[in-house]
Amino acid sequence: MINVPRGTQDLLPGETEKWQYVEEKFKALCHTYNYHEIRTPIFEHTELFQRGVGDTTDIVQKEMYTFTDRGERSLTLRPEGTASVVRSFVQHKLFGHPTQPTKLFYIGPMFRYERPQQGRMRQFVQFGVEALGSADPAIDAEVIGLAMNLYRSLGLKSLKLVINSLGDVESRNNHRHALVEHFKPHIHEFCSDCQIRLEKNPLRILDCKKDKDHPAMQTAPSILDYLNDESQAYFAQVKSYLDHMGIDYVVDKNLVRGLDYYNHTAFEIMSDADGFGAITTLSGGGRYNGLVEDLGGPETPGIGFALSVERLLMALDAEKIDLPIDQALDGYVVAMGDNAVKKAVEIVYNLRQAGIQVDKDYQGKKFKAQFKAADRLKAKFVIVLGEDELAKQVVSVKDMTTGDQQEIPIASIATEMKQLIQGGKA
RNA sequence: GCGGUCGUGGCGAAGUGGUUAACGCACCGGAUUGUGGUUCCGGCAUACGUGGGUUCGAUUCCCACCGGUCGCCCCA
């Protein structure tokens with residue numbers, strides 16, 4: 001027997017309905033925020049992620065699904081969405097379109113080669129949005145608000161929004177310098193990862209779980225102290241907009257994002273819910289001024305976020321929220337006797353043409369078993385067709401909720417069924 | 001990549017170094033010759049992850065591998 005590859009999953013009926021529901025919710029929300037869908041390939045030139053996501057990141061160093069195709073090209077299954085969207089933005093010169101900023105959303109699978117655990121798969125699905133072409137702090141707040149809005153509209157309560165500012169290039173460089181100076185004298189007391197980080201990306205030392213109790217950690221220079229006036233003002237405005245929008249947040253000066261392209265605003269939304277797994281981050285995002293340029297476009301600011309659908313559904317589960325998914329079938333045709341069974345095929349066909357959702361037996365089941373099947377499928381109405389009915393050219397329609405039964409002529413079955421179904425809903 | 005834990009029918013779950021490997025759910029049929037959700041009776045199922053080893057004999061003991069799961073690192 002061949003199973004799915006490690007870290008991937010089949011979504012079966014019963015589960016797919018939930019996915020469809022949250023996808024529709026997300027699309028509708030993007031519509032109200034005036035974001036438009038973009039669909040990019042699932043694989044890209046490896047170089048895109050090396051340059052876009054950053055050579056020093058874990059994603060690029062050890063998590064990419066990279067392969068060589070028959071033309072000797074190095075390609076990579078996308079590990080995240082932003083690089084592709086920005087590539088597309090540049091390639092198609094969307095920066096030249098009259099309406100700016102360019103507001104895009106995407107839905108699709110991402111791939112990272114990691115050891116799977118709860119909330120972490122090798123193939124996972126992200127919803128994401130990107131707003132390109134505006135350096136207005138209000139759009140940072142808009143993007144954060146959209147994310148919070150989605151979670152809240154689905155009923156999630158145990159949410160924590162964490163934000164930070166990574167500052168502009170100048171601020172980051174000053175901070176980086178200060179970090180190296182600060183940790184250098186103690187670095188031999190830190191874990192091996194941190195010793196490497198000191199050279200490559202000292203900001204990430206702040207993120208280390210192993211060394212979090214080291215005294216030098218507590219006294220480490222905060223990025224917030226190194227923000228220049230402009231960066232400070234920007235961060236203050238983002239927070240102010242969030243305040244006005246009534247969105248609660250906590251500032252975590254150690255929030256560092258795993259991708260190199262972030263600057264200024266960085267944020268994560270986490271779940272507080274009991275019984276949630278070790279991984280609590282539901283979504284993350286931030287500003288990436290400079291990325292468009294890095295990928296060959298004109299100087300263009302950008303901000304976006306991505307959320308994991310798997311984790312979203314986990315969060316709903318943890319908070320015991322049932323999505324309003326209608327599983328009931330409108331009607332089920334139960335037939336008995338050779339002639340009636342044949343006639344049932346015709347009736348089902350006609351009802352479906354009229355847009356009524358019906359089904360029938362295809363297992364050669366006995367009358368009683370057909371009723372059982374109707375019950376299991378949660379049919380609202382059972383349409384009974386036997387020799388008696390056939391002789392009178394009618395069907396007996398039973399309302400499965402009330403138990404009431406009435407005869408209706410086969411000639412007008414579609415219109416009468418429609419009325420019954422609508423009446424049943426009211 | 002590292003560590004814990006687990007691997008028995010479609011699902012859940014007992015169990016044993018030795019004749020036919022429990023049970024529950026689900027499914028099918030009957031009681032009820034044309035009316036579901038309850039009950040009772042009966043029936044059904046290619047099941048011990050894979051490969052080695054120990055043994056007269058392994059589903060059981062040992063080893064390796066594979067897979068699931070949870071955690072570490074890191075992230076969505």
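Here is how names work: the chains are called A, B, and so on, in the same order as the sequence lines, proteins then strands, and each is numbered from 1.
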For [N], the Watson-Crick or wobble partner whose two distances fall under 3.5 Å:
N	value
C25(B)	G10(B)
G34(B)	none
A45(B)	none
C72(B)	G1(B)
U16(B)	none

Base, sugar-phosphate or nothing for [X]? Non-hydrogen atoms, less than 4.0 Å.
X	result
Ala369(A)	sugar-phosphate
Leu259(A)	sugar-phosphate
Glu387(A)	base
Gln61(A)	nothing
Glu310(A)	nothing
Gly337(A)	nothing
Ala374(A)	nothing
Met121(A)	base
Gln405(A)	base
Ile59(A)	nothing
Asp388(A)	base

With no hydrogens and no angle check, just 3.5 Å: does a side-chain donor-acceptor pair link [X] and [Y]?
X	Y	value
Asp168(A)	Ser171(A)	yes
Thr8(A)	Gln123(A)	no
Thr76(A)	Thr66(A)	yes

Using the [atom1] atom as the reference point in each nucleotide, state the distance between [N] and [M] in Å, no decimals.
N	M	atom1	result
A58(B)	G18(B)	P	11 Å
G30(B)	U19(B)	C1'	34 Å
U60(B)	C48(B)	C1'	9 Å
C70(B)	U54(B)	P	38 Å
A45(B)	A22(B)	P	13 Å
A14(B)	C23(B)	C1'	7 Å
C62(B)	G9(B)	C1'	28 Å
U20(B)	C66(B)	C1'	32 Å

The test is ring pair (Phe, Tyr, Trp, His ring centres under 6.0 Å); show your working for Phe105(A) and Tyr35(A) and say whether it passes.
CA-CA 6 Å; Phe105(A) 79 84; Tyr35(A) 282 72; 8.0 Å; no
Taking for Leu307(A) and for Lys366(A) the nucleotide of RNA chain B with the nearest heavy atom, the one nearer the 5' end belongs to Lys366(A)
Of Val4(A) and Ile269(A), whose closest RNA chain B nucleotide lies nearer the 5' terminus?
Val4(A)
If you go through the side-chain atoms of [X], does one of them form a donor-acceptor pair with the base of [N] closer than 3.5 Å?
X	N	result
Glu63(A)	G1(B)	no
Arg112(A)	A76(B)	yes
Arg311(A)	C75(B)	yes
Gln117(A)	U69(B)	no

Which nucleotide in the list [options] gets nearest to the side chain of [X]?
X	options	value
Phe124(A)	U35(B), G1(B), A76(B)	A76(B)
Arg120(A)	C2(B), A76(B), C70(B)	A76(B)
Thr281(A)	C75(B), G34(B), C74(B)	C75(B)

Would you mind reading off the distance between [X] atom [atom1] and [N] atom [atom2], rounded to a whole angstrom?
X	N	atom1	atom2	result
Phe267(A)	C75(B)	CZ	C1'	15 Å
Tyr151(A)	A76(B)	OH	C1'	8 Å
Met400(A)	G37(B)	CE	P	9 Å
Gln363(A)	G29(B)	CD	P	10 Å
Met64(A)	C75(B)	CE	P	16 Å
Met336(A)	U32(B)	CE	P	15 Å
Tyr261(A)	A76(B)	OH	C1'	11 Å
Ile279(A)	U69(B)	CD1	P	12 Å

Can you see if the side chain of [X] gets near the phosphate of [N] - specifically, an N or O under 4.0 Å from OP1 or OP2?
X	N	answer
Lys365(A)	G29(B)	no
Lys368(A)	G36(B)	yes
Arg376(A)	A26(B)	no
Arg6(A)	G68(B)	yes

Do the side chain of [X] and the main chain of [Y] share a donor and acceptor less than 3.5 angstrom apart?
X	Y	value
Glu416(A)	Pro409(A)	no
Glu346(A)	Lys343(A)	no
Glu387(A)	Ala340(A)	no

Do Asp140(A) and Arg287(A) meet the salt-bridge criterion of a basic N to acidic O distance under 4.0 Å?
yes
Distance under 6.0 Å and angle within 45° of ring axis: Lys360(A) vs Tyr362(A)
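Satisfied, under 6.0 Å and within 45°.
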